[in-house]
Amino acid sequence: MTVADALMLALGAIAVGSGALVVTSAHLVRSGFYLVVSLGAVAGLYLVLGAELVAWVQILVYVGAVVVLLLFAVMLTRAPIGPSKDLDRPALPAALIGGGVGLGLTVLLVDAFRWTEYELPPPGTGARVGEQIFGAWVLPFEVLSILLLAALVGAIVLSRPDIGARPDPNAGAVPVTPGPVGESPEVVARLERIAARQAAAQTRLRAQRAAERAAEEGEEGELVDENSPRREPTREDLLKDQAHDVVFRAHEARPKLGETDKSEMFVEGEVVGEEVEVVEQRAIEGARPAAPRRPALPTNAGNEHPRAGEGRELPSGQDPKREGEWT
Amino acid sequence: MHAVIPYVVAALLFALGVYGVLRRRNAILVLMAVELMLNAVNLILVAADSTIKAALTDVQPEAWAYAVPEPRAGAIFALFVIVLAAAEVGVGLAIVLQYYRLRRAVVLDEVALHEHDHEQDQNAQVTS
């Protein structure tokens with residue numbers, strides 16, 4: 001029993017004990033930190049066995065990078081702080097298989113090596129490892145670096161949803177997903193085309209109706225002329241009457257000189273509120289038959305002509321092409 | 001130095017890794033158990049490196065077996081395995097995080113292996 005044996009026993013006990021805590025702890029974060037302890041103990045074993053560079057690479061890569069990555073994943077998957085209930089399957093089959101594997105390997109190795117004394121090799125230096133890597137093992141080293149690059153690219157492609165998503169061959173046509181900022185240029189162009197088409201159709205209809213009206217006016221002058229102005233303002237008149245009613249009721253219900261009561265104040269407030277509401281409604285509804293919205297569309301279409309007309313034919317001529325597309 | 005000690009430690013670590021892979025349901029804990037197993041293999045490689053070289057002192061080195069006069073390839077293999085483990089953890093965590101982004105779960109029991117609606121899920125996730 002030498003110093004090396006005692007060190008290896010202690011470090012091995014630490015490694016196995018914290019490894020057992022890694023696989024049995026109910027706290028996700030704690031098992032990550034026990035993994036740090038276990039890997040550190042294994043790095044100590046490497047040091048005792050004379051593989052110095054491997055030990056430091058173990059600490060750098062495993063403890064420094066891999067465990068931090070695992071803890072980041074624990075954080076990103078919103079793992080609960082504290083014990084989690086549903087972390088484990090039933091223990092019996094796993095314990096059976098794991099115990100069987102451990103027992104078999106231990107028996108095999110103990111039987112192979114017995115209690116034989118080996119001479120501890122001189123500690124390996126970085127120079128020797130470098131000679132070997134870049135002498136005898138150059139080809140595996142380069143292949144491994146390519147594999148690491150491929151894994152890097154694969155991880156990036158996997159974790160970004162906007163690249164590398166192949167369309168499912170069974171799914172057929174995949175719908176175009178609108179971006180978070182705006183529509184794709186094709187969709188924008190299509191919407192512009194549709195708007196221009198509608199505007200053209202509206203102007204055509206209006207022109208047609210005006211021609212009809214002019215023809216009717218020419219035929220029977222007075223009747224249509226009376227009707228057409230009256231049909232538009234009837235709604236406005238109705239609303240005006242309503243507003244009139246409301247205003248005069250409010251006027252009648254206004255507080256008189258002698259009686260400024262709380263109830264009266266309340267009634268007044270109510271009435272005034274109602275009046276405001278009705279007026280607003282009229283403003284909304286009255287805007288629709290009134291002039292400015294109808295003519296706005298053709299001007300819009302006119303504005304959009306030069307912008308949308310770069311790629312494809314557009315409603316400048318309007319008659320032959322428009323007919324074909326509209327119907 | 002008794003070579004049995006690191007070997008038995010490695011065997012026990014590997015058994016713990018197997019137990020963890022079979023027992024745990026959380027994908028990240030399964031990855032941790034896989035790390036334990038890879039470390040056990042590394043430990044075996046390094047221990048074999050030091051012990052078998054000591055056992056081979058009188059054997060004539062042959063050109064096909066040892067490309068360099070001093071055979072110490074175990075540490076090199078351990079380095080290679082460490083690099084492989086880093087690559088494995090990177091890709092595995094990317095998969096786990098992508099799955100979590102799609103399904104809000106990291107439980108391996110409930111991974112549906114026979115569904116092909118990943119594109120729809122992705123689209124729904126993009127639009128939402």
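Each chain gets a letter, A, B and so on, in the order the sequences are listed, and its residues count up from 1. It should be emphasised that the depicted structure is a prediction, and the values quoted were computed from it without experimental measurement.
- In this structure the side chain of Thr77(A) never reaches within 4.5 angstrom of the side chain of Asn26(B), judged on heavy atoms.
- Minimum heavy-atom separation, Ala33(B) to Val23(A): CB-CG1, 4.4 Å.
- Classified by interplanar angle (parallel below 30°, tilted 30° to 60°, perpendicular above 60°), the ring pair Phe77(B)/Trp137(A) is perpendicular.
- Atom-to-atom distance recorded for Leu70(A):CG and Leu93(B):CG is 5.5 Å, nearest 0.5 angstrom.
- Residues Ala11(B) and Leu109(A) approach most closely at CB-CD1, 4.1 Å, considering heavy atoms.
- In this structure, chain B has a heavy atom under 4.5 Å from the backbone of Thr116(A), while its side chain stays farther away.
- Contact of Val61(A) with chain B is made through the side chain alone, with heavy-atom distances under 4.5 Å.
- By the 4.0 Å N-to-carboxylate-O rule, Arg24(B) lies close enough to Asp88(A) to be salt-bridged with it.
- For Tyr62(A), the part lying under 4.5 angstrom from a heavy atom of chain B is the side chain only.
- Residues Val21(B) and Arg89(A) share a closest heavy-atom pair of O-NH1, 4.1 Å.
- The heavy-atom pair separating Met1(B) from Leu49(A) by the smallest distance is SD-CD2, 3.8 Å.
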Checking side-chain contact (heavy atoms from CB on, under 4.5 Å) for the pair Leu76(A)/Tyr100(B): CA distance, chi angles, key distance, verdict?
CA-CA 9 Å; Leu76(A) 286 178; Tyr100(B) 178 77; over 6 Å; no

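- Interface check for chain A: of the options Val18(B), Val30(B), Asn42(B), Leu12(B), the most heavy-atom pairs under 4.5 Å are formed by Asn42(B).
- Chosen from Thr2(A), Leu9(A), Leu108(A), the residue pairing most often with chain B at heavy-atom distances under 4.5 Å is Leu9(A).
- Of the listed residues Val83(B), Val8(B), Leu31(B), the one with more heavy-atom pairs under 4.5 angstrom with chain A than any other is Val83(B).
- Interface residue Leu35(A): only side-chain heavy atoms are found under 4.5 Å from chain B.
- Residues Asn39(B) and Tyr46(A) form a side-chain contact, since some pair of their non-hydrogen atoms from C-beta on lies under 4.5 Å apart.
- Around atom CZ of Phe33(A), no more than 12 heavy atoms belonging to other residues, nucleotides or ligands sit under 6.0 Å away.
- Per-residue heavy-atom pair counts under 4.5 Å with chain B were compared for Gly19(A), Ala91(A), Pro90(A), and the maximum is reached by Ala91(A).
- Between chain B and the residues Gly100(A), Ala20(A), Gly154(A), the most heavy-atom pairs under 4.5 angstrom are made by Ala20(A).
- Looking at Pro140(A), the atoms closer than 4.5 Å to chain B (heavy atoms on both sides) sit in the backbone and in the side chain alike.
- Closest approach of Ala51(A) and Ala75(B) over heavy atoms only: CB-CB, 4.4 Å.
- With a 4.5 Å cut-off on non-hydrogen atoms, Thr24(A) touches chain B through its backbone and its side chain both.
- Rounding to the nearest 0.5 angstrom, the gap separating the CD atom in Glu88(B) from the CG atom in Leu147(A) is 11.5 Å.
- A distance of 11.5 Å separates CZ of Phe14(B) from OG1 of Thr106(A), quoted to the nearest 0.5 Å.
- Annotation: the span from Asp5(A) atom CG to His2(B) atom NE2 amounts to 4.5 Å, rounded to 0.5 Å.
- Contact count versus chain B (heavy atoms, under 4.5 Å) is highest, among Leu144(A), Val66(A), Val74(A), for Leu144(A).
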Pair Leu13(B)-Ser38(A), side-chain contact (heavy atoms from CB on, under 4.5 Å): steps then yes or no:
CA-CA 9 Å; Leu13(B) 274 182; Ser38(A) 179; 4.1 Å; yes

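- Both the backbone and the side chain of Arg78(A) come within less than 4.5 Å of a heavy atom in chain B.
- In this structure, CD1 in Ile95(B) is found 5.5 Å from CG in Leu158(A), a value given to the nearest 0.5 Å.
- Here the CG atom belonging to Leu36(B) is positioned 7.0 Å from the CG atom belonging to Leu39(A), to the nearest 0.5 angstrom.
- Within the 4.5 angstrom heavy-atom criterion, no atom of Ala65(A) approaches chain B.
- Here the closest heavy-atom approach between residue Arg101(B) and residue Ser159(A) is recorded as NH2-O, 3.0 Å.
- Of the atoms belonging to Ile28(B), heavy atoms from both backbone and side chain fall under 4.5 Å from chain A.
- Contacts with chain A were tallied for Val89(B), Ile44(B), Val106(B), Leu43(B); Leu43(B) has the most, counting heavy-atom pairs under 4.5 Å.
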